There are 2 protein chains.
Amino acid sequence: MPAKTSGSRSSAAVEDYLERILELINTKGYARVVDIATSLRISQASVTNMVQRLDAEGLLKYEKYRGLVLTIAGETLARNIARRHELLSEFLQLLGLDQRVIDHDVEGMEHHISPATLRAIEALTDQLRRRPALLARLQGAAS
Amino acid sequence: MPAKTSGSRSSAAVEDYLERILELINTKGYARVVDIATSLRISQASVTNMVQRLDAEGLLKYEKYRGLVLTIAGETLARNIARRHELLSEFLQLLGLDQRVIDHDVEGMEHHISPATLRAIEALTDQLRRRPALLARLQGAAS
DNA sequence: TCCCTGATTTAGGCATGGCTAAGTTAGTTA
DNA sequence: TAACTAACTTAGCCATGCCTAAATCAGGGA
Ligand SMILES: [Mn+2]
Ligand SMILES: [Mn+2]
Ligand SMILES: [Mn+2]
Ligand SMILES: [Mn+2]
């Protein structure tokens with residue numbers, strides 16, 4: 001595994017971990033292995049493994065048996081994926097989709113949205129919010 | 001590897017292979033290992049491997065050193081993913097995004113769109129086509 | 001018919017990201 | 001302070017997919 005200065009793109013798994021870790025820190029103040037595992041519905045062993053990898057990649061600081069904190073790089077990535085999640089979710093909510101469907105689809109789609117696409121969907125969402133009539137016409141297709 | 005009667009969800013890789021195979025068959029009448037490899041930019045060895053797996057899963061019929069044909073199940077899946085690709089692509093084109101960005105994002109997103117979301121985006125696309133004014137207001141954010 | 005060569009397959013590896021089972025650690029509690 | 005236990009780590013596996021290098025096959029030309 002190279003030193004990973006800044007080049008390599010993050011995988012969907014890495015993004016999901018960082019997103020969840022940030023969320024846990026924001027809601028309960030810390031993110032322990034067991035919390036992350038429960039939240040992502042994977043084993044504690046898998047979390048330990050990934051956390052050690054994220055530490056090696058400089059996305060968080062980890063002390064064995066103790067705890068972890070995101071680095072600036074890690075928090076930046078986490079906020080970025082969180083934003084994609086949030087925006088996509090709002091967009092699909094506007095279309096009247098069932099929240100379970102939204103949660104499922106967004107969790108996958110969020111990893112494949114480039115900045116330009118994100119901006120475009122954001123702009124569209126803004127416009128749609130001002131056009132309830134148009135949105136009403138969409139409801140027939142929802143969920 | 002279980003018999004795979006019908007239950008297990010297809011992976012993104014499987015969907016990409018099937019989509020490309022169908023496209024090759026539609027454009028040049030057949031899909032050879034070398035064509036699939038070139039088209040997906042992966043090695044011929046990887047294609048042979050996957051093709052044998054798809055045969056085992058009943059998604060296509062494969063004769064070693066000869067050729068392959070999609071089964072009904074395989075063609076159904078292929079048409080399904082092709083449709084998701086097409087629809088997402090049209091939607092993003094409407095938003096004025098650069099085609100390279102679209103191709104890249106769609107290739108990833110298409111694997112995470114459930115039927116309900118697909119219908120909703122389809123309905124939205126239909127409505128947007130009739131509202132050039134609204135779309136014009138979006139162009140500032142594009143690519 | 002025999003050979004050449006492009007197409008294909010096989011063999012062996014590697015990275016990612018999961019899992020279970022079996023220890024280890026450390027904070028709480030008696 | 002000694003032990004209990006929840007949290008954590010380690011060890012060893014597995015599936016998915018992709019790779020390169022080394023065979024093998026098969027169709028067309030000499
Ligand atoms: Mn996700
Ligand atoms: Mn997410
Ligand atoms: Mn794809
Ligand atoms: Mn596609």
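Below, chains carry the letters A, B, ... as their sequence lines are ordered, and counting in each starts from 1. Since this is a predicted model, take the numbers as computed values, not measurements.
Applying the salt bridge (charged side-chain N to carboxylate O under 4.0 Å, His left out) rule to Asp55(B) yields no partners; only residues at least two apart in sequence or on another chain are considered.
When the side-chain nitrogen and oxygen atoms of Ser46(B) are compared with OP1 and OP2 of dG17(D), none of them lie within a distance under 4.0 Å. Within the structure, every side-chain polar atom (N or O) of Thr48(A) is placed at least 4.0 Å from both OP1 and OP2 of dT10(D). When the side-chain nitrogen and oxygen atoms of Tyr17(A) are compared with OP1 and OP2 of dG18(C), one or more of them lie within a distance under 4.0 Å. Under 4.0 angstrom from either OP1 or OP2 of dT20(D) there lies no side-chain N or O belonging to Ser43(B).
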Does Ile42(A) form a side-chain contact (heavy atoms from CB on, under 4.5 Å) with Tyr17(A)? I'd like the steps, not just the answer.
CA-CA 11 Å; Ile42(A) 59 187; Tyr17(A) 273 94; 2.8 Å; yes

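Here the side chain of Ala45(B) is nearest to one of dA11(C), dC8(D), dT8(C), namely dA11(C). Here the nucleotide nearest the side chain of Tyr65(A), chosen from dC18(D), dG18(C), dG23(C), is dG23(C). Checked against dG17(C), dG18(C), dT10(D), the side chain of Ile42(A) finds its nearest nucleotide in dG18(C).
Aromatic ring centres of His111(A) and His112(B) lie farther apart than the 6.0 Å criterion allows.
Note: CE (Met50(B)) to P (dC19(D)) measures 11 Å, nearest angstrom. Rounded to whole Å, the distance from CD on Gln44(A) to P on dG23(C) is 17 Å. One can place CD of Glu15(A) at 11 Å from P of dG17(C), the figure rounded to the nearest angstrom. Regarding Asn49(B), its CG atom lies at a distance of 11 Å from the C1' atom of dA11(C), rounded to whole Å. As a whole-Å value, the separation of Lys64(A) NZ from dT10(D) C1' is 9 Å. Spacing between atom CZ of Arg66(B) and atom P of dA26(D) amounts to 7 Å, rounded to whole angstrom units. Rounded to an integer number of Å, the gap from Arg41(A) CZ to dC19(C) P is 12 Å. At whole-Å resolution of the value, CD in Gln52(A) and C1' in dT10(D) are 9 Å apart.
Using modelled atom types, no side-chain atom of Asp103(B) and backbone atom of Arg100(B) make a donor-acceptor pair closer than 3.5 Å.
Comparing Arg32(B) and Val14(A) against DNA chain C, the residue whose closest nucleotide sits nearer the 5' end is Arg32(B).
For the 3.5 Å distance criterion, the side chains of Arg84(A) and Asn80(A) qualify, holding a donor opposite an acceptor.
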